[in-house]
Amino acid sequence: QKEVEQDPGPLSVPEGAIVSLNCTYSNSAFQYFMWYRQYSRKGPELLMYTYSSGNKEDGRFTAQVDKSSKYISLFIRDSQPSDSATYLCAMNNNAGKSTFGDGTTLTVKP
Amino acid sequence: DVKVTQSSRYLVKRTGEKVFLECVQDMDHENMFWYRQDPGLGLRLIYFSYDVKMKEKGDIPEGYSVSREKKERFSLILESASTNQTSMYLCASSFFDQRGTQYFGPGTRLLVL
């Protein structure tokens, strides 16, 4: 079983929808949680970073961590066609080596 | 601005050739990583380095080697390329702290014929 499981998608939503992207994990030592966005034929870019349980908001994006359930989510409000990309969750315990989910591909239709 | 560059965006090589992929970062990061990304398999760690001349195997090191002679540069070497090494190769770097947020290069698409 993988340490990090990500909802596989793909996900297709109309413009303006609220999007929920989710990952679960099994390693309770993970303390740091990241979301990366990867456009087609590009490298991933860091989107959100969180440390503790709770919510972190950045514009239309909210990252949520529930350590008790070993569950993290990324919410996108008022989704735009430019949000169409693959979203990767990632987690760290120490020393900077991350464990990545396999990614969820999102398409936002105008 | 944060910058990770990779030597080539696209490469076509023949089976058995020795292939060098270079990665350079300008952020003074201690950690550097090489991944390959394949459809349905996600990002898989090949090797990483946390200091000059230091390296550690990742999840799929077979058929690859790495070199880190300078802090800013991390090279991936395919000793004898095979068709199953056709993939997207991504380099990343990060500071040596627990957060480990990584900065990725644009990737190299390698086709081995």
Side-chain angles (χ1 to χ4, degrees), chain A residues 1-10 21-25 27-52 56 58 61 63 65 67 72 74 85-105, chain B residues 1-6 8-10 21 23-25 27 29-51 54-61 87-111:
Chain A
Q1 188 184 358
K2 291 182 179 180
E3 279 190 302
V4 177
E5 298 277 0
Q6 184 167 359
D7 288 354
L21 304 166
N22 308 295
C23 290
T24 58
Y25 62 96
N27 187 345
S28 57
F30 287 141
Q31 300 180 48
Y32 302 90
F33 305 91
M34 284 73 70
W35 286 95
Y36 291 84
R37 177 175 62 195
Q38 185 176 21
Y39 290 115
S40 181
R41 300 186 181 275
K42 298 282 174 79
E45 57 177 332
L46 182 67
L47 192 59
M48 297 283 284
Y49 155 76
T50 53
Y51 166 62
S52 56
K56 181 177 181 179
D58 184 0
F61 298 89
V65 175
K67 286 187 177 180
I72 71 168
L74 178 71
T86 296
Y87 291 81
L88 302 161
C89 63
M91 310 178 186
N92 276 23
N93 48 7
N94 56 42
K97 193 175 122 178
S98 296
T99 302
F100 287 83
D102 287 348
T104 302
T105 297
Chain B
D1 199 17
V2 167
K3 200 79 172 177
V4 179
T5 56
Q6 294 184 228
S8 304
R9 292 301 308 274
Y10 301 95
L21 303 180
C23 175
V24 178
Q25 51 96 2
M27 296 161 285
H29 284 164
E30 292 85 8
N31 294 344
M32 295 189 75
F33 307 83
W34 275 107
Y35 297 91
R36 62 178 285 178
Q37 188 175 36
D38 302 286
L41 296 176
L43 274 174
R44 292 183 289 168
L45 182 64
I46 304 171
Y47 269 97
F48 69 101
S49 168
Y50 51 87
D51 201 354
M54 305 301 286
K55 61 185 179 184
E56 286 199 23
K57 292 179 180 179
D59 302 318
I60 52 162
S87 187
M88 170 75 139
Y89 289 88
L90 288 160
C91 174
S93 68
S94 73
F95 286 115
F96 187 74
D97 63 23
Q98 291 180 327
R99 294 174 301 167
T101 50
Q102 296 184 21
Y103 296 87
F104 284 83
T108 296
R109 285 198 172 273
L110 173 66
L111 173 62

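Residue numbers start from 1 in every chain, and the chains themselves are labelled A, B, ... in the order their sequence lines are given, proteins ahead of strands. Because the structure is a prediction, the values reported are computed rather than measured.
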Worksheet item: Quick one: does Leu90(B)'s side chain get under 4.5 Å of Gln38(A)'s, heavy atoms only?
Response: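 Side-chain contact under 4.5 Å: yes.
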
Side chain, backbone, both or neither: which part of [X] has a heavy atom under 4.5 Å from chain A?
{"X": "Leu45(B)", "result": "side chain"}
{"X": "Gln37(B)", "result": "side chain"}
{"X": "Arg109(B)", "result": "side chain"}

Worksheet item: When only pairs under 4.5 Å are counted, which of Pro44(A), Ala90(A), Gly101(A) shares the most heavy-atom pairs with chain B?
Response: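 When all of Pro44(A), Ala90(A), Gly101(A) are compared, Pro44(A) has the most.
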
Discussion item. Looking at chain B, which one of Arg41(A), Met91(A), Glu45(A) has the largest number of heavy-atom pairs inside 4.5 Å, strictly under?
Written reply: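 Heavy-atom pairs under 4.5 Å are most numerous for Arg41(A).
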
Between [atom1] on residue [X] and [atom2] on residue [Y], distance to nearest 0.5 Å:
{"X": "Asp38(B)", "Y": "Asp102(A)", "atom1": "CG", "atom2": "CG", "result": "11.0 Å"}
{"X": "Ser94(B)", "Y": "Leu46(A)", "atom1": "OG", "atom2": "CG", "result": "11.0 Å"}
{"X": "Arg9(B)", "Y": "Lys42(A)", "atom1": "CZ", "atom2": "NZ", "result": "7.0 Å"}

Worksheet entry | Contacts of Val24(B) that satisfy side-chain contact (heavy atoms from CB on, under 4.5 Å) - sequence neighbours left out |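 For Val24(B) the side-chain contact (heavy atoms from CB on, under 4.5 Å) partners, ignoring immediate neighbours, are Thr5(B), Glu72(B), Arg73(B).
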
Discussion item. Using the side-chain contact (heavy atoms from CB on, under 4.5 Å) criterion, which residues pair with Asn27(A)? Sequence neighbours excluded.
Written reply: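 Asn27(A) satisfies side-chain contact (heavy atoms from CB on, under 4.5 Å) with Glu3(A), Ala29(A), Phe30(A), Asn93(A) only.
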
Worksheet item: Given that the side chain runs from C-beta out, which part of Tyr36(A) has a heavy atom under 4.5 Å from chain B: side chain, backbone, both or neither?
Response: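 Contact with chain B is through the side chain of Tyr36(A) alone.
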
